[in-house]
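Because only heavy atoms are used, hydrogens play no part in the values below, and waters and symmetry mates are left out as well, while side chains stay in. These numbers were taken from a predicted model, which means no experiment stands behind them.
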2 protein chains.
Amino acid sequence: MANIKDVARMAGVSIATVSRVLNEYPYVAKDKQEKVMAVMKELNYSVNGNAVKLSKGKTNTIGVIVPYNNNSCYDELINGILKKAHELHYQVLLLPSYYENVIESSYLTLLKKKMIDGILLTSHTLHPEQILALSEWGKIVCCEACPVELVPSVFPDRFAAYIEVFTYLKNKGYKRIHFTSGRDFQSSPSTRLRIQAYQETITEAYESQFFDQCFDYQDGKRVGDLMFRNSIVPDAIFTNGDEVAAGIIASAQTHGYSYPQDFEIIGEENTPISEILGFPSVDYHQTAIGEQAVSLLLSDEYARIQIRHQLNFRARTEASALS
Amino acid sequence: MANIKDVARMAGVSIATVSRVLNEYPYVAKDKQEKVMAVMKELNYSVNGNAVKLSKGKTNTIGVIVPYNNNSCYDELINGILKKAHELHYQVLLLPSYYENVIESSYLTLLKKKMIDGILLTSHTLHPEQILALSEWGKIVCCEACPVELVPSVFPDRFAAYIEVFTYLKNKGYKRIHFTSGRDFQSSPSTRLRIQAYQETITEAYESQFFDQCFDYQDGKRVGDLMFRNSIVPDAIFTNGDEVAAGIIASAQTHGYSYPQDFEIIGEENTPISEILGFPSVDYHQTAIGEQAVSLLLSDEYARIQIRHQLNFRARTEASALS
DNA sequence: GTAAAGAATGAAATGCGTTTCAAGTCAAGC
DNA sequence: GCTTGACTTGAAACGCATTTCATTCTTTAC
């Protein structure tokens with residue numbers, strides 16, 4: 001396949017001139033420019049993207065590390081990321097980590113290898129020191145709260161949302177507020193926040209219960225059985241996902257309880273499921289977060305300002321019941 | 001940052017030897033190998049991935065073109081693609097097309113530019129000739145039925161599934177079988193197949209109706225209103241998505257009809273929604289398709305055999321009602 | 001009329017590995 | 001003792017475009 005040298009030779013100009021035409025430099029004589037373009041067309045020439053990347057030291061590609069187990073709560077986020085990246089003429093490398101630390105840190109070396117210009121970290125298992133160590137090799141932005149101040153982040157203020165939800169439930173007079181989460185508090189910061197928010201909000205002796213390891217509909221059914229078979233039946237439940245909430249609702253019905261008559265339930269991530277079943281769900285506006293994360297990652301001030309975006313989003317509380 | 005030259009100099013060997021160490025060539029003296037590795041560690045050296053790509057003429061990256069409007073029915077597919085690609089040590093560039101032909105064809109030039117080793121095409125608007133023309137520059141595999149025999153494809157046999165569904169509904173004795181789809185028949189092959197399957201299966205004069213432009217829950221509610229406000233109320237509905245089906249069920253209830261007492265409904269893509277609401281849904285096993293598509297794309301026989309995988313999957317028909 | 005600014009262009013260095021080719025060392029085989 | 005094959009190793013070509021520097025030719029300005 002033809003390269004820039006062939007084009008230069010055939011057009012009777014130097015390689016530099018061809019490069020200038022390619023990069024739309026001013027100061028190229030019109031006739032030569034046209035000649036070069038004609039030759040490029042004739043030879044069906046394309047630049048070699050890898051040579052460009054090597055030469056320019058820039059790839060116009062960003063990497064996005066996502067756990068990608070199977071539940072797709074990253075969909076909205078990725079959507080936002082793709083949209084903004086496309087706008088800024090960047091491409092997106094999707095890096096599934098399956099929550100494995102080894103895989104995650106191997107992705108960070110892509111920066112060292114100059115294969116990407118920056119990394120967006122969604123939920124991850126990396127230790128702050130690991131991130132810091134590798135952020136020397138390139139830009140990194142977290143889409144989750146990052147415990148290290150030095151790593152720029154754009155993230156939903158989950159804690160504020162949790163506080164808001166628990167306060168809302170408390171003010172409504174519920175006394176048995178159960179809540180669920182996914183990974184256990186040791187490996188999941190958001191689980192810790194959830195527990196902490198509960199403890200800070202509800203200081204009285206409530207008969208609440210906490211359940212972790214909830215990820216999907218079946219898990220919801222499982223913990224629903226635990227909740228409604230129990231002597232202490234919840235009057236409000238705050239789940240960590242709409243699917244889980246749906247499972248709990250289904251389970252409740254088999255035990256003779258029905259939503260919304262017998263209990264209040266609040267989901268998370270605001271998926272079509274909460275819309276369909278008509279329960280409120282906390283919406284973190286992940287699309288916006290994705291877009292902002294890309295903007296921050298690719299902004300010129302990245303290196304200097306190191307902003308820590310803090311986004312405070314509120315729970316959607318108008319229930320639109322299925323009736 | 002250190003490059004291979006620096007390493008060679010410091011280790012007192014030639015560049016070639018360093019390269020051999022990097023690529024784990026046999027036939028490098030143990031002492032030199034260790035020395036080189038020590039120096040690489042000392043200098044905190046990393047290969048420049050772009051130089052490697054340029055030099056080897058291979059990127060170990062594949063591109064996946066997805067419409068990425070907003071509904072995430074590509075999630076499972078992408079999951080499969082990521083999994084298999086990761087297994088084969090390939091990386092995945094996610095290329096959103098927003099169903100725009102210009103964008104889609106711009107992505108195909110990535111092959112010419114040697115920036116990716118192959119392309120996976122999901123739902124798209126490209127003309128067969130466009131695909132064929134560009135498949136000369138690299139490997140392309142379609143994850144949808146491709147009208148051109150020369151383009152290798154791995155795809156669900158939607159037509160067979162549609163036939164199966166309509167036959168199932170016909171055999172159950174339904175007479176007013178409404179069905180929905182997304183894009184209109186001019187731009188969407190699957191809409192055409194749906195209509196064709198209906199016509200081939202149900203030759204009698206049924207009072208069925210067809211509705212397009214259905215994409216989400218709200219659309220489902222909208223066409224549900226049309227269906228149940230009408231004098232001809234359906235006794236069976238085949239939708240083109242679980243969200244749409246959920247919308248129709250919700251709408252039906254506002255009109256005094258309820259599922260499953262008054263009508264049968266079948267969804268598509270087998271998402272958690274059909275599980276939650278308890279209606280059957282056609283499952284195309286997109287994860288498996290994604291995996292197979294990657295395997296085909298990266299297999300050595302790709303160039304020679306040009307197989308057209310045809311996967312025949314069946315409708316999930318066991319309903320597990322919410323009740 | 002001449003200096004200064006602007007336009008146009010090519011040679012060569014640069015970014016960084018991979019791979020081929022030739023050559024040299026050393027031990028086993030006859 | 002000599003051939004043969006297995007190891008080792010480095011020089012140099014190759015993959016391909018970008019960019020700096022120097023040079024030459026025009027204009028414009030005073």
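- Set against D/dG15, C/dG10, D/dG10, the side chain of B/A16 has D/dG10 as its closest nucleotide.
- Closest approach to the B/S19 side chain among C/dT19, C/dC16, C/dT20 is made by C/dT19 (side chain taken as heavy atoms from C-beta onward).
- Residue A/N23 has a polar side-chain atom (N or O) positioned under 4.0 Å from OP1 or OP2 of D/dT18.
- Side-chain atoms of B/K56 lie closest to C/dT18 of the nucleotides C/dT18, C/dG17, C/dT9.
- Listed nucleotides C/dT18, D/dG10, C/dA11 differ in distance to B/L22; the shortest reach to its side chain belongs to C/dT18.
- Using a 4.0 Å heavy-atom criterion, one finds that A/K53 contacts no nucleic acid atom at all.
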Between B/N79 and B/T287, does the side chain to side chain donor-acceptor pair (under 3.5 Å) criterion hold? Intermediate values first, please. CA-CA 6 Å; B/N79 234 308; B/T287 308; over 6 Å; no
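- Here C/dG10 is the nucleotide among D/dT19, C/dG10, C/dG17 with the atom lying nearest to any side-chain atom of A/T17.
- The distance from atom CG of B/D31 to atom C1' of D/dT9 is 12 Å, rounded to the nearest whole Å.
- Judged by a 6.0 Å distance limit and a 45° cone about the ring axis, B/R158 is positioned over the six-membered ring of B/Y284.
- Separating the NZ atom in B/K112 from the CG atom in B/L134 is a distance of 7.5 Å, to the nearest 0.5 Å.
- Where B/A51 and B/I15 meet DNA chain D, the nucleotide closest to each residue was compared, and B/I15 sits on the side nearer the 5' end.
- Ranking D/dG10, D/dT8, C/dA8 by closeness to the A/A29 side chain, first place goes to C/dA8.
- For the pair B/Y25 OH and D/dA6 C1', the interatomic distance rounds to 16 Å; values are reported in whole Å.
- The nucleotide whose nearest atom lies closest to any side-chain atom of A/S14 is, among C/dC16, C/dT18, C/dG10, C/dG10.
- As a whole-Å value, the separation of A/K112 NZ from C/dG15 P is 19 Å.
- The distance from atom OH of A/Y27 to atom P of D/dA22 is 19 Å, rounded to the nearest whole Å.
- Note: CG (B/N50) to C1' (C/dT18) measures 15 Å, nearest angstrom.
- Comparing C/dG17, C/dT9, D/dT19 by their closest approach to the side chain of A/K32 singles out C/dT9.
- Across A/L120 and A/C143, no two heavy atoms sit closer than the pair CG-SG, 4.1 Å.
- Between B/K113 atom NZ and D/dA17 atom P the separation is 12 Å, expressed in whole Å.
- No hydrogens or angles were tested; on distance alone, a donor-acceptor pair under 3.5 Å links the side chain of A/R20 to the base of C/dG10.
- At a threshold of 4.0 angstrom between heavy atoms, the contacts of B/V28 are confined to the sugar-phosphate backbone, with no base atom among them.
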From CA spacing to verdict: side chain to side chain donor-acceptor pair (under 3.5 Å), A/Q130, A/N101: CA-CA 10 Å; A/Q130 290 182 291; A/N101 194 274; 3.1 Å; yes
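- For A/H124 and A/Y99, the ring centers sit 6.0 Å or farther from each other.
- In this structure, A/K58 places its NZ atom 11 Å from P of D/dT19, rounding to the nearest Å.
- In this structure, A/V18 reaches neither bases nor backbone, as no heavy-atom distance under 4.0 Å exists between it and the strands shown.
- Rounded to an integer number of Å, the gap from B/I4 CD1 to C/dT14 C1' is 16 Å.
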